[in-house]
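For reference, the structure discussed in these notes is given below.
Because only heavy atoms are used, hydrogens play no part in the values below, and waters and symmetry mates are left out as well, while side chains stay in.
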Amino acid sequence: MIDRAEQRRGRAEEADALLQLLLAKACDALGVPTEGVALVAVGGYGREELSPYSDLDVMLVHAEGYPRIDELAAQIWYPLWDSRTKLDHSVRTLDEARQAAASDDRVALGLLDARHVAGDSHLTLQLRSVLMADWRRTAKSRLPALAQACRDRASTVGELAHLAEPDLKEAYGGLRDAVVLRALVASWLVDVPHPVVERARRDLLEIRDALHEVAGRATDRLVADLAGEVATGLGLSGRDELLRHVYATGRTLAHVCDVSWRRVESLMTKPPRSRRRQRTGGPLLLALDEGVGQHEGEVVLMPDARPERDPVLGLRAAAVAADRELVLSPAVCARLATSAADLPEPWPREAQRLLCALLGAGRGLLEVWEALDQAGYISRILPEWDAVRFRPPQSAIHRFTVDRHLLETCVEASSMVRDVRRPDLLLVAALLHDLGKALDGDHSVTGAGIAARVARRFGFNEADADTITLLVRQHLMLAQVATRRDLEDPMTVDMVVGIVRSTETLDLLEALTYADARAAGPAASSPWRMRLVGELCRRVRSELAGGGEGMWTEAPPVPVPELHQVVGVGRLGITVTDHHGDLRVSVAVPDQVGTLSTVAAVLAVERLAVRSAVITSVDGLGISQWTVAGSPPDPVRLRDRLAVALRDASDVVRRLAARDSSTTPRVASRVDLLPGASETATVLQVRAHDRPGLLYDVTAAIAATGADIRSAHVSTLGAECVDVFYLTDRHGAPLEAEDARTTAKSVLDRLSF
């Protein structure tokens with residue numbers, strides 16, 4: 001087994017010996033002292049990490065007024081040039097070195113690794129001391145520019161973990177970022193997991209050494225023509241195994257960089273300590289959800305949280321972090337991976353909902369999922385992920401590894417959750433659609449079998465699991481048919497109709513097709529391809545609509561609780577019961593415009609998250625059944641708070657506004673009137689990102705227009721709410737067309753505020 005680390009050190013020692021000899025000879029020849037002058041190795045040479053064809057990065061440092069310094073430098077550099085040694089050199093005084101470091105981040109990073117080679121060691125020690133002190137003193141002002149340089153480099157070169165021919169040094173997550181992490185540690189502002197970073201850095205150095213050996217020259221780009229030989233030199237089976245190793249290493253370094261830069265950003269923007277915190281000395285911990293809080297820009301577990309007793313706590317923390325685009329604390333990720341209770345099979349509905357909320361969080365999903373994956377938690381909740389992790393793409397149209405492509409598809413799908421009736425099914429299908437690429441055969445077919453098992457394990461019923469399975473099995477079908485078949489031929493449309501069978505499934509499959517193509521890259525999502533898919537879906541949708549299918553019909557029967565169970569003094573009553581692991585709150589209030597919004601506000605202030613609700617009117621009472629998540633409330637206390645709010649809702653509204661002040665929806669809300677959905681009411685459909693107080697805002701906006709909510713059907717699917725309201729005027733008739741449009745605009749304006 002080749003010990004390349006020892007070889008790198010050996011090359012550095014040989015270079016040291018040569019430079020020591022050259023300096024001694026030059027000083028003797030010129031009759032100048034060795035005191036006041038030193039040869040210093042910087043950069044990779046300073047770290048003793050010379051690959052076979054690396055440059056020697058050397059600085060000749062001298063005291064002010066040192067004699068004949070130019071001649072001395074020439075007598076050192078010329079023999080090196082004559083021997084064809086690649087040399088990056090400079091001659092500077094201490095002050096000049098400080099000025100160069102102050103004006104150029106790359107120079108500053110290289111000098112942080114300065115190492116004495118020859119001459120006056122006290123001068124080198126002084127150089128290291130002043131440069132390190134300067135770096136620590138100015139780091140806060142310099143790090144924003146360094147962070148931007150890293151972002152610019154990532155944008156230009158790409159990410160090491162996703163390039164077909166990765167640049168081991170310049171790509172994001174490569175060797176240059178490992179140097180940046182060392183500089184962050186040297187600033188004393190943040191810490192990084194040193195063993196993890198060093199292991200990843202050594203792995204990349206090993207690969208670069210093997211690449212130099214195969215190429216016979218200095219190069220950092222792992223081109224396809226050389227990858228096979230490099231893999232052989234490292235004892236790997238071939239290019240795919242080598243790339244998976246590169247991607248895994250790059251992903252690790254990129255993740256540490258992401259977390260570190262987030263912490264730096266939090267440090268830079270952290271407000272001054274409040275007087276209260278100065279007195280108590282305690283950290284500010286903000287509660288976000290049950291067992292989950294925020295501390296200095298990171299999502300953490302509350303002190304009383306017990307992941308070993310609460311199997312859904314990990315998903316709850318992940319969903320909160322992704323939704324708010326916060327860092328999930330590495331310590332929390334490690335704790336979840338090692339000590340979280342196993343989820344029962346099938347998953348409880350709350351776990352399923354939280355997973356869909358995580359998948360629908362947009363770009364916030366990526367960093368949270370990566371953190372959990374690095375810690376090992378993803379393998380626990382989705383073992384099938386292990387087979388596609390870091391798997392290289394097999395097609396040139398794909399720009400990401402298989403696992404990252406699946407997450408990017410979820411991100412793309414999250415922007416289309418308003419366009420489908422079941423966003424939860426779309427998001428889960430996006431996550432699972434390429435899992436079959438880990439197996440031989442048609443990945444759509446093998447993936448469908450995996451998806452069927454996983455969907456049932458996630459707790460979906462048979463019908464929903466079958467839909468997810470169909471979406472995975474057919475996720476390439478629309479694009480293939482649109483680009484390969486004659487859309488004018490009725491048999492083409494009939495074939496697709498026979499597969500999807502319903503408009504709802506077609507909507508899901510079309511959205512998945514767009515998300516998959518956009519995540520793959522420009523070649524897969526060309527305007528031509530997407531236009532053909534859209535045209536095919538338009539024709540299929542028209543054919544399905546011709547069969548008489550409609551999205552909504554008259555309101556289904558509403559289950560009404562026994563009035564004697566809920567109606568109390570003053571015709572106001574509340575009961576709280578267990579309902580399949582959630583809570584069911586049944587409420588009866590006098591039926592009048594605006595009472596529903598008050599009930600919704602009280603439930604939100606009590607931190608009861610609405611999962612579904614069914615609302616109707618019976619004998620002058622507004623009867624509602626709310627399925628909620630949260631700590632079981634005291635029915636008497638809840639009734640008393642509701643009674644006060646019905647008389648004057650100003651306090652509960654103020655409390656709700658204060659709680660909701662930091663919430664921002666990921667996707668613009670959508671409000672639609674559904675003409676023809678009912679003959680006896682105006683039907684209004686609202687699609688929005690779930691948040692505390694959402695239902696209050698919608699119902700308050702409706703009440704402000706004077707419309708009456710005859711019945712409502714509220715559903716929370718992952719992080720998305722799909723709410724349908726049957727509205728009438730004060731005479732119990734459907735709203736006039738102009739009034740209906742005004743009501744819809746009022747709701748949209750309220751949600752957009």
Side-chain angles (χ1 to χ4, degrees), residues 319 323 352-353 356-362 364-365 410-430 464 467 502-512 514-515 537 541 550-553 555-556 596-597 600 604 609-615 627 660 663-678 681-702 707 709 711-727 740-741 743-753:
D323 184 60
Q352 179 194 111
R353 185 194 70 81
C356 295
L358 171 62
L359 299 180
L365 163 69
C410 291
V411 172
E412 295 291 346
S414 71
S415 67
M416 293 180 279
V417 292
R418 304 291 182 271
D419 303 325
V420 298
R421 187 174 179 184
R422 291 294 304 275
D424 53 338
L425 304 186
L426 170 63
L427 292 167
V428 171
D464 289 346
T467 299
S502 71
T503 301
E504 180 178 329
T505 303
L506 176 64
D507 292 343
L508 289 167
L509 190 58
E510 182 180 17
L512 178 59
Y514 292 148
C537 291
R541 194 170 284 110
M551 187 169 182
W552 292 102
T553 59
L596 180 59
S597 64
V610 176
R611 300 291 177 249
S612 64
V614 182
I615 298 146
T627 302
D660 193 37
T663 301
T664 54
R666 292 287 171 264
V667 184
S669 301
R670 178 170 164 176
V671 179
D672 297 307
L673 293 167
L674 303 180
S678 172
T682 297
V683 181
L684 182 76
Q685 178 180 269
V686 178
R687 296 173 177 270
H689 188 79
D690 188 25
R691 57 177 172 80
L694 172 67
L695 190 56
Y696 165 75
D697 282 340
V698 174
T699 52
I702 293 173
I709 300 176
S711 68
H713 306 269
V714 176
S715 301
T716 303
L717 304 168
E720 301 304 314
C721 288
V722 182
D723 303 341
V724 179
F725 301 88
Y726 286 73
L727 310 179
R741 288 192 291 271
T743 301
K745 184 178 185 303
S746 175
V747 173
L748 184 59
D749 289 346
R750 180 68 174 257
L751 297 181
S752 303
F753 178 71

Chi angles and distances behind the side chain to side chain contact (heavy atoms under 4.5 Å, CB included) call for Leu684, Ile702: CA-CA 10 Å; Leu684 182 76; Ile702 293 173; 4.1 Å; yes

Listed partners of Ala701 passing side chain to side chain contact (heavy atoms under 4.5 Å, CB included), at least two apart: Ser746, Val747, Arg750

Interatomic distance, Leu425 atom CG to Thr467 atom OG1 [nearest 0.5 angstrom]: 6.0 Å

Heavy-atom pair with the smallest gap, counting every atom of Ser678 and Val683: CB-CG2, 3.7 Å

Any residue meeting salt bridge (Lys or Arg N to Asp or Glu O under 4.0 Å) with Asp723, in chain and number order, not counting sequence neighbours: none

Residue pair Leu751, Arg691: steps toward the side chain to side chain contact (heavy atoms under 4.5 Å, CB included) verdict: CA-CA 11 Å; Leu751 297 181; Arg691 57 177 172 80; 3.7 Å; yes

Side chain to side chain contact (heavy atoms under 4.5 Å, CB included) partners for Ala515, two or more places apart: Thr409, Glu412, Ala413, Met416

Between CG on residue Leu508 and OG1 on residue Thr503, distance to nearest 0.5 Å: 11.0 Å

Side chain to side chain contact (heavy atoms under 4.5 Å, CB included) evaluation trace for Val714 with Cys721: CA-CA 7 Å; Val714 176; Cys721 288; 5.7 Å; no

side-chain hydrogen bond (donor to acceptor under 3.5 Å, both in side chains) partners of Glu510, counting only residues at least two apart: Tyr514, Arg541

4.5 Å side-chain heavy-atom contact, Leu673 and Arg741: yes

Interatomic spacing from CD1 in Ile615 to OH in Tyr726 - rounded to 0.5 Å: 13.0 Å

NE2 on His689 to CG on Leu694, rounded to 0.5 Å: 9.5 Å

Atom of Thr505, atom of Ser502 and distance for their closest heavy-atom approach: OG1-OG, 3.0 Å

Nearest atoms (heavy-atom pairs only) where Leu365 meets Cys410: CD2-CB, 3.7 Å

Shortest non-hydrogen contact between Arg421 and Pro423, atoms and distance: O-CD, 3.3 Å

Shortest non-hydrogen contact between Val411 and Gly362, atoms and distance: CG2-O, 3.5 Å

Closest approach of Gly360 to Leu427 (non-hydrogen atoms, all atoms of both residues): CA-CD1, 3.7 Å

Side-chain donor or acceptor of Ser752 paired with backbone N/O of Asp749 under 3.5 Å: no

Check: Arg418 side chain, Glu720 main-chain N or O, donor-acceptor pair, under 3.5 Å: no

Which residues share a side chain to side chain contact (heavy atoms under 4.5 Å, CB included) with Ala609, sequence neighbours left out: Arg611

Side chains of Asp690 and Val610 in contact at under 4.5 Å (non-hydrogen atoms): no

Partner residues of Arg670 under the salt bridge (Lys or Arg N to Asp or Glu O under 4.0 Å) criterion, sequence neighbours left out: Asp419, Asp672

Intermediate values then yes/no, side chain to side chain contact (heavy atoms under 4.5 Å, CB included), Ser669 and Val686: CA-CA 7 Å; Ser669 301; Val686 178; 5.7 Å; no

Heavy-atom side-chain proximity of Val428 to Asp464 below 4.5 angstrom: no

